[in-house]
Amino acid sequence: MDLRLLPMALRDLTEVMEIEQQSHVSPWTLGNFTDSLEAGYWAYCLRQLSVDDEKPDPLLGYCVLLPALDELQLLNITVHPSYKRQGLAKKIMKVIEDAAQSKSFQDIFLEVRVSNTPAIALYESFAYQEIGIRKDYYSLKDGGRENAKVMKKVLNAPSN
Ligand SMILES: CC(C)(COP(=O)(O)OP(=O)(O)OC[C@H]1O[C@@H](n2cnc3c(N)ncnc32)[C@H](O)[C@@H]1OP(=O)(O)O)[C@@H](O)C(=O)NCCC(=O)NCCS
């Protein structure tokens with residue numbers, strides 16, 4: 001599969017929202033994405049290169065990260081439901097880490113629902129470690145609350 005990862009733009013958001021709504025218990029709103037783009041967050045779309053020039057390149061996944069001083073926070077990583085378990089999230093994570101390292105970010109943080117076994121397995125496979133729990137951080141569809149696991153990966157130790 002020929003893939004390309006490009007900065008997310010406003011024109012991507014119709015497709016992004018379709019995947020977002022199919023993929024999350026509490027999907028981001030369109031406003032969450034537009035605010036992130038306007039604020040200059042890192043946001044990328046992973047597309048498959050279409051063999052037919054007349055056809056658009058289908059969106060397979062995306063990610064959004066908040067850069068803050070020497071840390072990045074991974075806010076959203078999502079792969080289209082029909083393309084899961086094909087290594088696409090791994091490709092996105094690798095690009096994120098390479099970009100973070102090239103810009104000398106020291107750590108990447110993220111929060112994840114404690115029930116989100118696929119995402120936790122993905123992060124653990126990239127050596128993210130649990131550093132805490134945020135109690136009742138997320139809402140559930142039934143009105144209840146769910147804890148978040150806070151995970152971190154150290155990329156570059158600060159030099160003295
Ligand atoms: C989490 C998510 C991004 C993983 O995407 P993906 O492209 O299917 O993941 P990959 O194929 O790259 O898998 C990478 C690793 O993650 C883990 N993993 C992914 N899906 C898994 C599953 N269903 N069960 C267990 N482990 C899983 C595995 O360790 C896997 O490595 P392996 O295939 O060599 O065993 C995808 O399931 C998704 O979009 N979920 C909904 C949105 C979400 O919860 N995002 C995270 C919070 S913002």
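We count ligands from 1, going down the list as the structure has it; atoms in each ligand are counted the same way.
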Exercise for the section: Determine, considering heavy atoms only, which of Ser115, Ala121, Ser23, Pro118 sits nearest to atom 23 (N) of ligand 1. Expected result: Pro118

Exercise for the section: Compute the minimum heavy-atom distance from Thr78 to ligand 1 and say whether it is under 4.0 Å. Expected result: yes

Exercise for the section: Would you check whether Leu75 has a nitrogen or oxygen atom less than 3.5 angstrom from a nitrogen or oxygen atom of ligand 1? Expected result: no

Problem - Sequence-distant partners of Arg11, side chain to side chain contact (heavy atoms under 4.5 Å, CB included), two or more places apart - result: Ala9

Handout entry: Sub-3.5 Å N/O-N/O distance, Lys90 and ligand 1
Key = yes

Handout entry: Pick from Met93, Lys84, Glu20: the one approaching atom 38 (C) of ligand 1 most closely through a non-hydrogen atom
Key = Lys84

Handout entry: From the candidates Ile77, Ile19, Leu122, the one that places a heavy atom nearest atom 45 (N) of ligand 1
Key = Ile77

Practice task
Looking only at protein heavy atoms, identify the closest one to atom 33 (O) of ligand 1 and say how far it is in Å.
Solution key: Arg85 NH2, 3.2 Å

Problem - Under 3.5 Å: N/O of Ala119 near N/O of ligand 1 - result: no

Practice task
Around atom 9 (O) of ligand 1, find the nearest protein heavy atom and jot down its residue, atom name and distance.
Solution key: Ala89 CB, 3.4 Å

Exercise for the section: Measure the distance from atom 39 (O) of ligand 1 to every protein heavy atom, then report the residue, atom name and distance (to 0.1 Å) of the closest one. Expected result: Val79 N, 2.8 Å

Practice task
Only one of Ile77, Asn76, Leu75, Ile96 passes side-chain contact (heavy atoms from CB on, under 4.5 Å) with Leu65; say which it is.
Solution key: Ile96

Handout entry: Pairs flagged by ring pair (Phe, Tyr, Trp, His ring centres under 6.0 Å) wherever residues 3-28 is involved - sequence neighbours left out
Key = Trp28-Phe33

Exercise for the section: Look only at interatomic distance and state if Val112 has a nitrogen or oxygen under 3.5 Å from any nitrogen or oxygen of ligand 1. Expected result: no

Problem - Which segment of Gln86 sits under 4.0 Å of ligand 1 when only heavy atoms are counted - result: backbone

Fill in the blank from the handout: Under 4.0 Å between heavy atoms, the region of Tyr123 that gets near ligand 1 turns out to be side chain

Practice task
Would you verify that at least one protein heavy atom lies under 4.0 Å from atom 6 (P) of ligand 1, or report that none does?
Solution key: yes

Handout entry: Nearest-contact summary for atom 44 (O) of ligand 1 - protein heavy atom, Å
Key = Asn116 ND2, 2.7 Å

Problem - Lys149 and its side-chain contact (heavy atoms from CB on, under 4.5 Å) partner, picked from Ile131, Val112, Asn116 - result: Val112

Problem - Test of proximity, His24 against ligand 1: N or O pairs below 3.5 Å - result: no

Problem - Option from Leu10, Val64, Leu59 for which side-chain contact (heavy atoms from CB on, under 4.5 Å) with Val16 holds - result: Leu59

Exercise for the section: For atom 11 (O) of ligand 1, grab the closest protein heavy atom and report residue, atom and distance to one decimal in Å. Expected result: Gly87 N, 2.8 Å

